[in-house]
Amino acid sequence: MDLNPPIESESYRSFSSRRSISSHHSKLSVSNSIGEVTIAEIGSKKVRRGSRGEGDSEGFNLSQKEISDEDARLVYINDPGRTNQRFEYARNSIRTAKYSFITFLPRNLFEQFHRVAYIYFLVIAILNQLPQLAVFGRGASILPLAFVLLVTAVKDAYEDYRRHRSDRIENNRLALVMVDGEFRHKKWKDIEVGEIIRVRVNGTLPCDMVLLSTSDPTGVAYVQTINLDGESNLKTRYAKQETLSKVPENMASGLIKCEKPNRNIYGFHANMEIDGKRLSLGASNIILRGCELKNTAWAVGVAVYAGQETKVMLNSSGSPSKRSKLEKRMNVEIILLSFFLIALCTIVSVFAAIWLRRHRDKLDTLPYYRRKDYSEDAVENYKYYGWGWEIFFTFLMSVIVFQIMIPISLYISMELVRVGQAFFMIRDRGMYDEASNSRFQCRALNINEDLGQIKYVFSDKTGTLTENKMEFRSASIWGVDYSGGNADLQSEQVAHGVEADGKTFRPKNIVRTDPELLRIARGGRESEQGKHVYDFFLALASCNTIVPFVVDTEDPCVKLVDYQGESPDEQALAYAAAAYGFMLIERTSGHIVVDVQGEKQRFNVLGLHEFDSDRKRMSVILGFPDKSRKVFVKGADTTMFAVIDRSSNNNVLQETEGHLHSYSSMGLRTLVVGLRELNNSEFEKWLFAFEVASTALMGRAALLRKVASRIESNLCIIGASAIEDKLQLGVPESIESLRMADIKVWVLTGDKQETAISIGYSSKLLTSRMTQIIINSNSKGSCRKSLEDAIIMAKKLSGSTVSPNMEESSGAVTSPVGLIIDGTSLVYILDSELEEQLFQLSSHCSVVLCCRVAPLQKAGIVALVKKRTSDMTLAIGDGANDVSMIQCADVGIGISGQEGRQAVMASDFAMGQFRFLVPLLLVHGHWNYQRMGYMILYNFYRNAVFVLILFWYVLYTCFTLTTAINEWSSVLYSIIYTSVPTIVVGILDKDLGMRNLLEHPQLYGAGHRKEVYNAKLFWLTMIDTVWQSAVAFFIPLLAYQKSAIDGPSIGNLWTLAAVILVNLHLAMDVVRWTWITHTAIWGSIIATFFCVIVIDAIPILPGYWAIFHAARTWAFWLCLLAIIVAAFAPRLVVKFFHQYYFPSDIQIAREAEKYGWLRDHGIVEIEMNPILEPPGR
Amino acid sequence: MADRGGTGSGGGGGQGALETAKKSRKPKYSRFSQQELPACKPILTPGWVITTFISIGVVFIPIGLASLFASQRVTEIVYQYDSDCIPPEFSDDSVEFIKSDKTNKTCTRTITVPKQMKSPIYVYYQLNNFYQNHRRYVKSRDDKQLWRKEDETSSQECKPEDFTANGQPIVPCGLIAWSLFNDTYKFRVNDKVLEVNKKNIAWSSDRDHKFGSDVYPKNFQSGTLIGGGKLNSSIPLNQQEDLIVWMRPAALPTFRKLYGKIETDLEANDKINIVIENNYNTYSFGGKKKLVLSTTSWMGGKNDFLGLAYLTVGGLCLFLAISFILVYVLKPRPLGDPSYLSWNRNAAGILN
C-alpha cells in the first residue's frame, strides 16, 4: 500500500489520491481474499442493501465533487491570520468538561431534569408549596428531590473536575509551530487553523492536519490510530509530491479548500491549490488528532481542523442509549398505576364533595372546620375558596399525598441496580479474555436485563466464531496438493532464518511447512515444479500490501521480521512465503526486496492494483532483474477463474478446482494465484492507460478498475492457497448451549457457501441429523418459488409440534431444519414482500446460515426479524462490517478482537471471546432479568401498600387527607426505610447457581416465557397489595376502636407495620441469604425503629413521645404480630401451593441445587442431543 | 522499526500497549465480586410450611384466649347522656339550649354498677362523630407557643383563632384549644362523694416538654364565638391537664379521652349518682357524648377484637396446616425431581 510506481511524481500523486478512495474500504474489509466482502461506509448511511461495489464509486464522486464555497473551509497555509479572517475557526483548546463554575448549577440542573421522574418530583414539590395545598411541610416535601439532585450533582461535579484537569494537561502540551519562519514551542491550546506544525517521532498529533512533508523522501508517514479507533497496526499517510520538496517557509501561497468539520474519521475531501496547480486531497493525506507518529523521524503538516472540530473530538460521543424491553413493559404498568392513582384521588375528592355538601350549613361553626373567622370585624371565610375549588384542591392534595403510587424512586433504584449488575459482569473472571487481556465491558447501562430474554442471536463468523488468526495450511501448486504440515515447528523455524551481514532475519510468526514443498522450494527453479513453486511464493510475497518491519530481539544477532498489514490473510500468506524461503524484507517506494532462499533479490514494483470488492482480486506488476515483467494476480476463485486462460493447462485447472473444493469444504479460506508475462507493448499500453486513469478528474476509480481488469486477463494459473481461520475456543459447546436454551442462532458470513457449511459443522451449528434447506437463487421469481417449497418442506419436517421449546427435545420424532441462504438470494428477498416468507421459513428452522452477505444485508436480516417478532434479538460481531447489525439489534455485542474496535464502539456490551456469550446470557442475563423483573414488581407493591394505608385512613378523616403517619416518615419511607434491601437484592440475589444454569441451558426459557414479570403477576401482586394494606390498616383500627389512642401513636403503628411487612415480603422472596442481604433487610427494620424513635423525640412535633407510650402496651405488639401473620398468610399459601404443585423449572432446579438431582442419569439421557462429528473432517 | 525495542509485542507497539501488556486486567478474585458469598438458601418445603402454620396456630390460640379473657374481665359502664341531659322543653332545639347562658345545664342521673370494679377506675368521655383528625383541625395549633412564652405571637397555623379582634395573641391558640371539652362530672356513691383524681391524667412527657410552666392562658375564649371550655389564666399550661389531654388529637372520629381516675373500688349494684354539667356543644353537628367508667387489664380497655382475631387467625392456620398435611400425604411431589422440568415432561410422555 505504500509503494510508488517508479514513474514520476505526477503518477505518484494520483496514486496516493486513489489510495484515499479505497483506503477506508480496505480498512473495513477483513481481507482481500475470499473473506468478508465489505463495502460499508461508516460515515454515510446508505439505505439500499444488498448492492455491491457502490461505495467505491460513491466515495470517488464525493472526493471529486467540487466543494462549493459555502460548504468549504478555506485554509491558507502558514497564514493563520488570513485563514481566520472571515470566520473564526475553532482554536485548538478542547473542552471535554461540561460545566464551568458559573454554568454548573443551571446546566447540571437542566440536564438532571431531563428525566421525567424528576419533573414529576418537582411538580409535586411545587404544588406542595402552594399554601392551599401544603400537605407536607416545606422541608419534608423537597428533601427527597433535593437529596437525589445533590447526590447526582456531586457525582457530576467530581467527574467534571477530573475532565477539567485532563483538559488542562492536554491543552498545555507543547507543539512545534511555525512562527515567523521558524518552529517554536507553542501550547496546544494556542494552535490555530492554518499554522504549520512539526511533529517528531512518537509524538502525538495536536490537531487534524494535512501532511506537507515528512522525513521520508517520498513523503510517507506512519501513524498509529490506537487512540482513535483502537487499531494498533500502522497506517500509512502520504504528503503530496508537490509540497514535499518545499521548505515550509515558502508555503504561504498554498490554499486548502476542505469540507466542513465532520465526524467521519475515514473520509476527507479537499483540494489544495499550490503554485497555481490544483491537487486533490483525500483521507490518506490527513493525519488526525490523537494519532501517534511512528517510524517517521518528523512530519510537517498544516492544521485544518483544531480543537472541538477535530474528528476525534467530534467522535467522542457517549454510548448508545437503549430502553430495555422490561422497562418498556414496566412503563405500561406505570400508566396503569397512574390511572389507579387518579382513581384514588377521584374517590377522595368525590367523597369530600359529598361531605362538604351535606355539611354546608354547619361549616361556619363546626369546631373542626370553622369556615368563618369571627375574630375580624368583617367576618370572612377562612381558607375556603368555594365548593368547586375545595374539591379541586382536595384532588391536587390527594395527588401530593399519594404521589409515591408512581414509584419514581424505582427509576433511581434501577439505575443503581444496573450499575451493580454491570460491576459483577465486568468482574466476572469467567468472562476475562487472557489472550487480549480484556475484561467484559458494559457500554450501555440500561439494557442489562434484556440479556435474559434473548431469542435470536445473529453472529458474524470471521473473528467472532473464528479467531481471525489466519494460518497458512495448504497449497495447491500446478495441480499438486501440498497439505502435510506436521514437521517440528521449532527446528523448521530456525532453519528458514536468513543470514545477512552477520545477522539472522527470522519471520515473527511460525508457519507449519510441508516438507515436500519445502524441499522443492529449496531446490530452486531448475525443475518444472520448482519453477511454479518459485512463481507461487513470489506471488504470495509480493502481491500484497504488507510492510515488513525489522524488530530487535534480546539476541543482537537475531532480528525478527514483523509483517504489518491491514489484512490478516495477507499477513498469513507473507509469513508462509517467508517460511518457504521467500522472505519479504523490504518494501520501499518502487521496489521490494525478497530474500529468496538466502539470496536477496530486488524487484521493481511497476504497478499495483489494490483489492476491491468488485474484482475481488488484486494484482501487482513486477519488473524482474532480467528486465522481464510479470503481472501476478491473486483473488477469490469465483472471479479468478473468469480471467484465467482456459485454453492451456486444462488439467492443472481441473486439479486446482478439485483442491479448492476440498479445501473449502474443510472450512479453509482459499485464494487462487495466477500470473502472466507482459511484453513491452502490453506494458506500455498499460502504463499509458494507467497514467491517464490515475490523472483523470472524473470517474477515476472506475477507470482504474477498467485498467486493472484489462491487465488481469488471460492469466496462467499457478495454484491456490488455503488459509485456516481457526474456530475460537469453546464455540461448538457454546452454540450447543445456546440451542438448548432455545435461542435461535443465525450465522451471517461473507464466506462462500461450502466454507460456511463446513464451519457450520465444525461449530456444531449444523448436525448431521439436521435437514438442510439451501436457497440459492438469482432471480426474484426463483427465490419466491424456492422459499415456498422450503416452507412446505420445513413444515413437514419440523412436524406439527407447535410448542416452540420442544423442537430440541422432541428431536426423536422430527428432524430439525437448517436453512442456508446466500447473499444473492437475500438481495431479492430483503426489502420485498418475500421477507415475510423468509421469516416464516426461518421460524421453522432451528439454524439459519447466511453466506456471502454484505454488511448492510446483515442489518437487513436483523431488521427483518426484529420487525416481525417481539422477541429480543442480539447481534454479535467484531468488525466494522458488523456495526450496522450491532446497532440494529436490540442488544449489540462487540468482540474486541483482531479487527479493530469499531464493533466495540457501536456495541452495548463488549467481550473478548464468543464463548463468553454463554455465561453472559445464561447466567448473568438470566440473573439480571430475574432480579430486575422482581424488583419492579416489588417496588410497585412496596409503594402501593403505603399509599393504600394512607388512603384507608383518609376515609376516616372527612376525606381531608390527614395522615396519621408522620410526614417525615412518609418521606423517609422510600428513602431509608425500604430502599436499601430492594437494591441489595436486585444486585445480589441469585435464583440459581452459575453451575446449574450452565449445565441446564433450558432454564433460560424463564426469560422467554416472561416468568418473573408479566401482566398476571402484576395483577396478583396488586391484589395481594390491597389485602396486605387492608390488614395493616384495619387491625389497628378495630383494635383501637373507641379508645383513647391518639393519631401519632396509631400512625407509628401503621408506619412500623408497613415497613415490616414490606421488608418481610422481600425476605420471603429472597433466594440466597448472604450476610449483606441480612444486614440490609434487618438493618432497614432496625433503622426504621430508630428513625421513628428519633422523630418522636422531637418535642416540637405533635407526636412527641408517642412511640414510647404506644410501645409500652401489649396491644401495640399484638397488633403488629397479628398484622404480619394475617397479611402474609394468603401469600404464603398461594406461593407454597403453586411452587409445590405447579413448579416452574427454576423451582425444581433450585430444589435440586439444594437436595441434589434425583435420577441424575435419566436427565442426562433425556437432555443431551447426540453431538455427531461433522462429515468431511 | 529499529526503535520499537526488543519486546516483540506484536502489532501493538507504542508505550501504552507495552504497559498494558505487562499489567493483566484479569479481575481480582474475591467471593464478593464473583458472586460466591456464602449464602443460605431456604426453600419452602412442605415441612417448613406445615411447621410454620402449626406453630402460628399454637402460639396464636393461647394469645387469643388470654386477651379475650382479659377483655371480658374488664368492666365498662357506658352512659350516653347527650340527649338525656336536654330538658324536654328544649328537645327540639338542643343547640339553642346548649348555647344559651341562661339555661341550667346541670343534669343528675343514677347508674348501677353491674359488677365489682377494682380501682383504679378510669373515667373517660367519649365523643362520636367529632373529627379531631380533620386536616384543618389537626393543623390548627402552635406547639412553639405552648412551650415558650417568647413565641406567643408566632401563631401562623392557628387561624382563625390566632389573634383577638384587637390583635392580641391568643394563648393557647388554634381550633383545638378553642374547642376544649368542658363537660364536668361529679360522682356520689351511697351519698358519699366519689373523688375523681384529675392529676396525672396527661402524659408526663407532654407536661414536661410540650407545655410550658411559664406559659399562661391569654385572651383565651374571648371572641364572639365560644368553642368550648375556658381556662384559668393564673394556672400555667403545664398544669392544665384537661387541655393537655384534649390537645393530643384523637386518631379516629369516635374517641375517648381520659377525664380522671377513681381510686376506690366500686361494688356490684352500687348506685352511682352522677352530676353532669352538660356544657359542650356536640348538638350542632350531631355528635354523641358518652360517659365511660372502665377498669383496665394488661390488654387495655374492653375490646374483644384482638382476642377474636388471634383465635380466628390461629384456627385458620391450624386448619391450613392440617389440609396441607392431607394434601401432602395424598399427592406428594419429590423435591428436585427433574422429570417435572418442562423440557422433560413432554419428552417423557412421548417415551411412555
Side-chain angles (χ1 to χ4, degrees), chain A residues 224 232-233 295 362 366-370 373-375 382 424 427 429 432 437 439 549 551-554 806 809 956-958 960-962 964 1002 1038-1039 1042-1047 1050 1072-1074 1099-1100 1104-1105 1114-1115 1118 1122 1125-1126 1136 1139 1143 1145 1148 1151-1152 1154-1155 1157-1158 1163 1166, chain B residues 1 4 6 11-12 14 25-27 33 35 37 39-41 43-44 49 56 131 133-138 143 159-160 165 175 179 205 209-210 223-225 227 248-252 254 256-258 285 298-301 305-306 309 313 333-338 340-344 346-347:
Chain A
Q224 193 177 45
S232 59
N233 52 12
N295 212 31
K362 302 169 187 162
L366 204 58
Y368 49 86
Y369 200 94
R370 265 299 294 278
D373 184 354
Y374 293 96
S375 63
Y382 158 69
F424 284 124
R427 292 302 174 98
R429 285 158 69 92
Y432 165 76
N437 189 25
R439 294 180 180 185
F549 288 116
V551 183
D552 294 320
T553 58
E554 288 95 44
M806 293 313 301
S809 51
Y956 289 84
T957 64
C958 293
T960 55
L961 299 159
T962 318
Q1002 294 94 330
L1038 294 170
K1042 294 186 214 160
S1043 73
I1045 191 82
D1046 60 311
I1050 204 167
R1072 233 158 251 250
W1073 284 89
T1074 64
I1100 210 68
Y1104 178 65
W1105 227 244
W1114 277 99
L1118 288 182
V1125 170
F1136 169 71
Q1139 281 188 358
D1145 295 343
I1148 290 168
E1151 291 164 6
K1154 187 156 179 175
Y1155 301 109
W1157 289 96
L1158 303 172
I1163 188 166
I1166 293 166
Chain B
M1 274 330 269
R4 292 186 78 202
R25 300 186 65 236
K26 182 161 189 168
S33 70
Q35 309 198 52
L37 285 175
C40 104
K41 299 170 272 183
I43 284 184
L44 271 189
V49 174
I56 290 174
Y131 285 87
N133 57 17
H134 195 287
R135 164 167 293 278
R136 289 170 75 104
Y137 188 81
V138 171
D143 288 288
K159 285 193 91 161
L175 285 182
S179 59
S205 56
H209 299 288
K210 254 185 118 49
T224 45
L225 192 68
R248 198 151 260 287
L252 300 168
T254 298
R256 291 175 182 180
K257 287 207 174 285
L258 191 57
F285 56 88
W298 61 272
M299 271 294 295
F305 171 76
L306 263 186
V313 171
R333 173 176 76 83
L335 292 177
D337 183 347
Y340 283 83
L341 290 166
S342 65
W343 63 89
N344 290 336
N346 278 25

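To find a chain, count down the sequence lines: A is the first, B the second, and so on, and within it residues start at 1.
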Atom CZ in B:R136, atom CG in A:L366: separation rounded to 0.5 Å?
10.0 Å
B:H134 and A:Y368 aromatic ring geometry - parallel, tilted or perpendicular at 30°/60° bounds:
tilted
Please test B:R256 against A:K1042 for side-chain contact (heavy atoms from CB on, under 4.5 Å), starting from the C-alpha separation and ending with a verdict.
CA-CA 6 Å; B:R256 291 175 182 180; A:K1042 294 186 214 160; 4.1 Å; yes
Under 4.5 Å to a heavy atom of chain B? For A:I1050 that would be side chain
When the 4.5 angstrom heavy-atom criterion is applied to B:K41 and chain A, the contacting part is both
Return yes if some donor-acceptor pair links the side-chain N/O of B:R135 with the main-chain N/O of A:L961 below 3.5 Å, else return no.
yes
Given a strict heavy-atom distance threshold of 4.5 Å, which part of A:K362 is in contact with chain B: side chain, backbone, both, or neither?
side chain
B:Y131 ring center within less than 6.0 Å of A:Y369 ring center
no
What part of B:L44 gets within 4.5 angstrom of chain A, counting heavy atoms only: side chain, backbone, both, or neither?
both
When the 4.5 angstrom heavy-atom criterion is applied to A:A1039 and chain B, the contacting part is both
Side-chain donor-acceptor pair present, B:S342, A:D1145, cut-off under 3.5 Å:
yes
Interchain contact, B:Y137 with chain A, by part (heavy-atom threshold 4.5 Å)
both
Do you know which two heavy atoms are closest between A:A1126 and B:V313, and how far apart they sit?
CB-CG2, 4.4 Å
Rounded distance (nearest 0.5 Å) linking atom CG of B:L252 with atom OH of A:Y956
8.5 Å
Nearest non-hydrogen partners of A:Y1104 and B:R248, listed with the distance:
O-NH2, 2.8 Å
Most chain A-contacting option - heavy-atom pairs closer than 4.5 Å, from B:S205, B:G300, B:A250, B:G301
B:S205
Gap between atom OG of B:S33 and atom CZ of A:R429 - 0.5 Å precision
8.0 Å
Under 4.5 Å from any heavy atom of chain A, what part of B:I43 do you find: side chain, backbone, both or neither?
both
Do other residues, nucleotides or ligands put more than 12 heavy atoms under 6.0 Å from the CH2 atom of A:W1073?
yes
Shortest non-hydrogen contact from A:A1115 toward B:M299
CB-O, 4.1 Å
Shortest non-hydrogen contact from A:T960 toward B:N133:
OG1-O, 4.3 Å
If I take atom CG from residue A:L1118 and atom CG from residue B:L306, how far apart are they, to the nearest 0.5 angstrom?
6.0 Å
Using the side-chain contact (heavy atoms from CB on, under 4.5 Å) rule, take B:K210 and A:I1100 through it: C-alpha gap first, then chi angles, then the decisive distance, then the call.
CA-CA 7 Å; B:K210 254 185 118 49; A:I1100 210 68; 5.9 Å; no
Would you name the heavy atoms of A:R439 and B:R25 that are closest together and state the gap between them?
NE-O, 2.5 Å
Which atoms of A:S1043 are under 4.5 Å from chain B, going by heavy atoms: the side chain, the backbone, both sets, or neither?
backbone
I would like to know whether A:E1151 and B:R333 meet side-chain contact (heavy atoms from CB on, under 4.5 Å); could you show each step before the answer?
CA-CA 12 Å; A:E1151 291 164 6; B:R333 173 176 76 83; 2.7 Å; yes
Specify which of B:P249, B:G223, B:G227 makes the most heavy-atom pairs with chain A at under 4.5 Å.
B:P249
Checked B:F305, B:W298, B:F285 vs chain A; the most non-hydrogen pairs under 4.5 Å come from B:F305
